[in-house]
Amino acid sequence: MGNLQDFWNHYKGAIIGVIVAILILITRLYNLIVAIILLVVGALVGNYIQQNKEYVKDKIKGFIDRM
């Protein structure tokens with residue numbers, strides 16, 4: 001009995017993570033999670049470009065000139 005409790009205490013986070021991952025895969029929530037991540041990344045990139053217009057413009061011009 002002590003071994004089982006030691007095992008649980010040592011690997012509790014991994015076991016819970018695997019159970020959550022299985023539930024996400026079964027319910028196909030990963031599609032929603034990926035969509036939310038893409039929306040957040042798109043918003044962050046758009047905000048960065050808006051805040052650093054001149055720097056981004058110069059980098060894009062340099063990249064196009066090299067091509």
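Fair warning: this is a prediction, and the values are worked out from it, not measured in the lab.
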Problem set entry | Worked verdict on Y30 versus R28 for side chain to side chain contact (heavy atoms under 4.5 Å, CB included) | CA-CA 5 Å; Y30 58 89; R28 293 186 176 255; 3.7 Å; yes

For this session: Flag yes if L32 and L38 sit in one hydrophobic cluster, no otherwise; membership is Ile, Leu, Val, Met, Phe, Trp, Tyr, and two members link when side-chain heavy atoms are under 4.5 Å apart.
Result: no

Exercise. How far does CG of D65 sit from CE of M67, to the nearest 0.5 angstrom?
Worked result: 11.0 Å

For this session: Report yes or no: do Y55 and I64 belong to one cluster of Ile/Leu/Val/Met/Phe/Trp/Tyr joined by side chain heavy-atom distances under 4.5 Å?
Result: yes

Seminar exercise, completed: In this structure, CG of L39 is separated from CG of L44 (nearest 0.5 Å) by 11.0 Å

For this session: Give the C-alpha distance, both sets of side-chain angles, the deciding distance and a yes or no for side chain to side chain contact (heavy atoms under 4.5 Å, CB included) between F7 and I15.
Result: CA-CA 10 Å; F7 178 80; I15 294 169; 4.0 Å; yes

Problem set entry | Nearest non-hydrogen partners of I33 and I24, listed with the distance | CD1-CD1, 4.0 Å

Problem set entry | Cluster link V45 to Y48, ILVMFWY, side chain under 4.5 Å | yes

For this session: Determine whether I19 and W8 fall in the same hydrophobic cluster, where Ile, Leu, Val, Met, Phe, Trp and Tyr are linked whenever their side-chain heavy atoms lie under 4.5 Å apart.
Result: yes

Exercise. Are I36 and V20 co-members of a hydrophobic cluster defined by side-chain heavy atoms under 4.5 Å apart?
Worked result: yes

